[in-house]
Amino acid sequence: MKLSVLDQSIVPEGSTPATALHNSLDLARRADALGYHRYWLAEHHATPSFAGPAPEIMVARVAAETRRIRVGSGGVLLPYYSPLKVAETFRVLSALSPGRIDLGLGRGVGAGSIEAHALSTGPTGGGGDAGFPGKLAELLAFLYGGFPAGHPYRPIEIMPAAGAPEIWLLVASPGSAEAAGRLGLPICIAHFGRPQITRTVVEAYRGAFDARGGSRPRVQIGIGVYCGPTEDEAQRVFASQRLFRLRMGRGLLLPLPSPEAALDGLRGEVEPLADEEAEWPRCVVGDPDHVHKVLTSMTEELEADEFMVLSTIHAPRDRVRSYELLAHRFGLTAEGGGGEGAGRTPPP
């Protein structure tokens, strides 16, 4: 089982966005040393909660400051951008860090409606899901060839000419999973967003998978993990995420509160109970043995290849410790890590 890191560059209450970005660099260096397989940076816009609107910049910096871990976007919100520009950007990243760059692609909003309109390249605004299938097809053609004869973009030569990222699709529904399967692409499932449908999404993906060029289905599970030396300590650091999620459900995107402030703010509150309908919780909270048991169970049931671990923890030292405990329990080693090779078999 591979373990990887998803970093949203969360802004801790009492800190600054600039500090949050430097916290990401610190965690990336530690994840590289611990033996994590990938380090992905998320994209969010115009919110006090997250400091990372430009994952491509952070990918370049993290790749330069690490040795062997794969680095990528989790993910670039393609509906907002020109496929040609995304292809060029990630070709440059791949040339600078050969065999280590991933291009995770999302179709979500990642912003409010006004910000989405401002980000849109179209004349009437949009973003979000607008035009995603067409843009994805165009991006794949730019990266791997495939524009038909007579297409106006066929003569375009992408530079640098050599090297391409490994493409992953971020999915949150059976429909998007089926689309990824038909394209023969690997997927990362946002289990931490909708845990109730994870099994259905996996089954839809495997059922639709087209093994073009000898590729095989590959499944990552994006999951929240809050690991502490004891159950009590894990629950303490998880309190920040509980209040953050409660606020987010009310439209309040604020910096991540400290555990002490969160425990105080949660008194008398009724928290969402959606996890009761799921086979596995959106966030696994506990000591290393408990976390290991839950993730191992999911691996066996879903035949998952990898977990993309998200830990939105207030204190940087507690966040690093959670990843350290997880790495040690699963026996990760830096020497045993590394990528599976860049790119994918070009589509027909």
Side-chain angles (χ1 to χ4, degrees), residues 1-8 36-38 40 42-43 72-75 77 102 104-110 129 132 166-210 215-227 234 238 241-242 244-246 248-249 271-286 290-312 322-323 326 329-330:
M1 180 198 308
K2 293 185 175 70
L3 294 180
S4 297
V5 177
L6 174 59
D7 186 359
Q8 295 178 329
Y36 280 88
H37 187 54
R38 308 176 200 271
W40 281 7
E43 177 178 339
S73 57
L77 302 180
D102 297 331
L105 296 167
R107 64 197 301 166
V109 177
D129 197 39
F132 183 84
E166 185 172 281
I167 290 183
W168 290 74
L169 289 193
L170 281 60
V171 302
S173 71
S176 58
E178 288 176 358
R182 288 193 293 269
L183 289 170
L185 292 169
I187 61 169
C188 182
I189 302 169
H191 176 83
F192 54 77
R194 299 179 67 191
Q196 303 88 348
I197 65 170
T198 295
R199 185 185 289 275
T200 303
V201 170
V202 171
E203 291 172 351
Y205 170 65
R206 295 190 186 280
F209 193 81
D210 179 0
S215 62
R216 65 174 181 83
R218 293 165 62 193
V219 174
Q220 288 179 14
I221 307 292
I223 190 166
V225 173
Y226 298 80
C227 193
F238 181 54
Q241 168 64 14
R242 289 166 54 200
F244 181 82
R245 176 171 161 73
L246 190 66
M248 186 170 62
E271 298 179 62
L273 299 176
D275 283 10
E276 291 185 355
E277 303 170 10
E279 286 185 79
W280 301 281
R282 73 179 69 241
C283 297
V284 186
V285 185
H290 173 73
V291 175
H292 181 272
K293 180 180 178 180
V294 175
L295 296 189
T296 300
S297 168
M298 292 183 71
T299 301
E300 293 171 351
E301 288 287 327
L302 300 173
E303 299 181 42
D305 299 279
E306 186 173 344
F307 285 97
M308 183 63 66
V309 176
L310 173 65
S311 302
T312 49
S322 180
Y323 283 107
L326 188 63
R329 182 60 183 83
F330 278 88

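None of these values were measured; they are calculated from a predicted model.
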Spacing of [X] atom [atom1] and [Y] atom [atom2] [to the nearest 0.5 Å]:
{"X": "W40", "Y": "L6", "atom1": "CH2", "atom2": "CG", "value": "8.5 Å"}
{"X": "F192", "Y": "M308", "atom1": "CZ", "atom2": "CE", "value": "9.5 Å"}
{"X": "Q220", "Y": "I189", "atom1": "CD", "atom2": "CD1", "value": "9.5 Å"}
{"X": "M1", "Y": "E306", "atom1": "CE", "atom2": "CD", "value": "10.5 Å"}
{"X": "S311", "Y": "Y323", "atom1": "OG", "atom2": "OH", "value": "3.5 Å"}
{"X": "L169", "Y": "F132", "atom1": "CG", "atom2": "CZ", "value": "5.5 Å"}

Specify the closest pair of heavy atoms between [X] and [Y], including all atoms of both residues, with the distance to one decimal.
{"X": "V291", "Y": "C227", "value": "CG2-SG, 4.2 Å"}
{"X": "C188", "Y": "G222", "value": "SG-N, 4.2 Å"}
{"X": "A172", "Y": "I197", "value": "O-CD1, 3.2 Å"}
{"X": "S176", "Y": "R107", "value": "CB-NH1, 4.0 Å"}
{"X": "L170", "Y": "G106", "value": "CB-CA, 4.4 Å"}
{"X": "I187", "Y": "A180", "value": "CG2-CB, 3.3 Å"}

With sequence neighbours excluded, residues passing side chain to side chain donor-acceptor pair (under 3.5 Å) with Y226 =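 Per chain and number, Y226 pairs via side chain to side chain donor-acceptor pair (under 3.5 Å) with T312.
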Going through the distances and angles, do L326 and Y36 end up as a side-chain contact (heavy atoms from CB on, under 4.5 Å)?
-> CA-CA 10 Å; L326 188 63; Y36 280 88; 3.5 Å; yes
Kindly indicate whether the side chain of R38, heavy atoms from C-beta on, has any atom under 4.5 Å from the side chain of E166.
->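 Touching, per the 4.5 Å side-chain cut-off.
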Close side-chain approach of V284 to H290, heavy-atom, < 4.5 Å =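 Yes, at least one pair of side-chain atoms sits under 4.5 Å.
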For side-chain contact (heavy atoms from CB on, under 4.5 Å), just list the numbers for V285 and R242, CA-CA rounded to whole Å, side-chain angles, deciding distance to a tenth of an Å, and then say yes or no.
-> CA-CA 11 Å; V285 185; R242 289 166 54 200; over 6 Å; no
Output a table of donor-acceptor pairs, distance under 3.5 Å, between side-chain atoms of residues 294-301 and any protein atom two or more places apart or on a different chain; print 'none' if there are none.
unit_1	atom_1	unit_2	atom_2	d
T296	OG1	H292	O	2.7
T299	OG1	L295	O	2.9
E301	OE1	R199	NH2	2.9

Can any side-chain N or O of R194 pair as donor or acceptor with the backbone N or O of S173 at less than 3.5 Å?
->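 No, the answer is negative, given that no donor and acceptor are paired below the 3.5 Å cut-off.
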Which of these, I223, V219, L302, sits in a side-chain contact (heavy atoms from CB on, under 4.5 Å) with T198?
->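 Single side-chain contact (heavy atoms from CB on, under 4.5 Å) partner of T198 among I223, V219, L302: L302.
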Determine, stepwise, if the pair L3 / F330 fulfils side-chain contact (heavy atoms from CB on, under 4.5 Å).
-> CA-CA 9 Å; L3 294 180; F330 278 88; 3.8 Å; yes
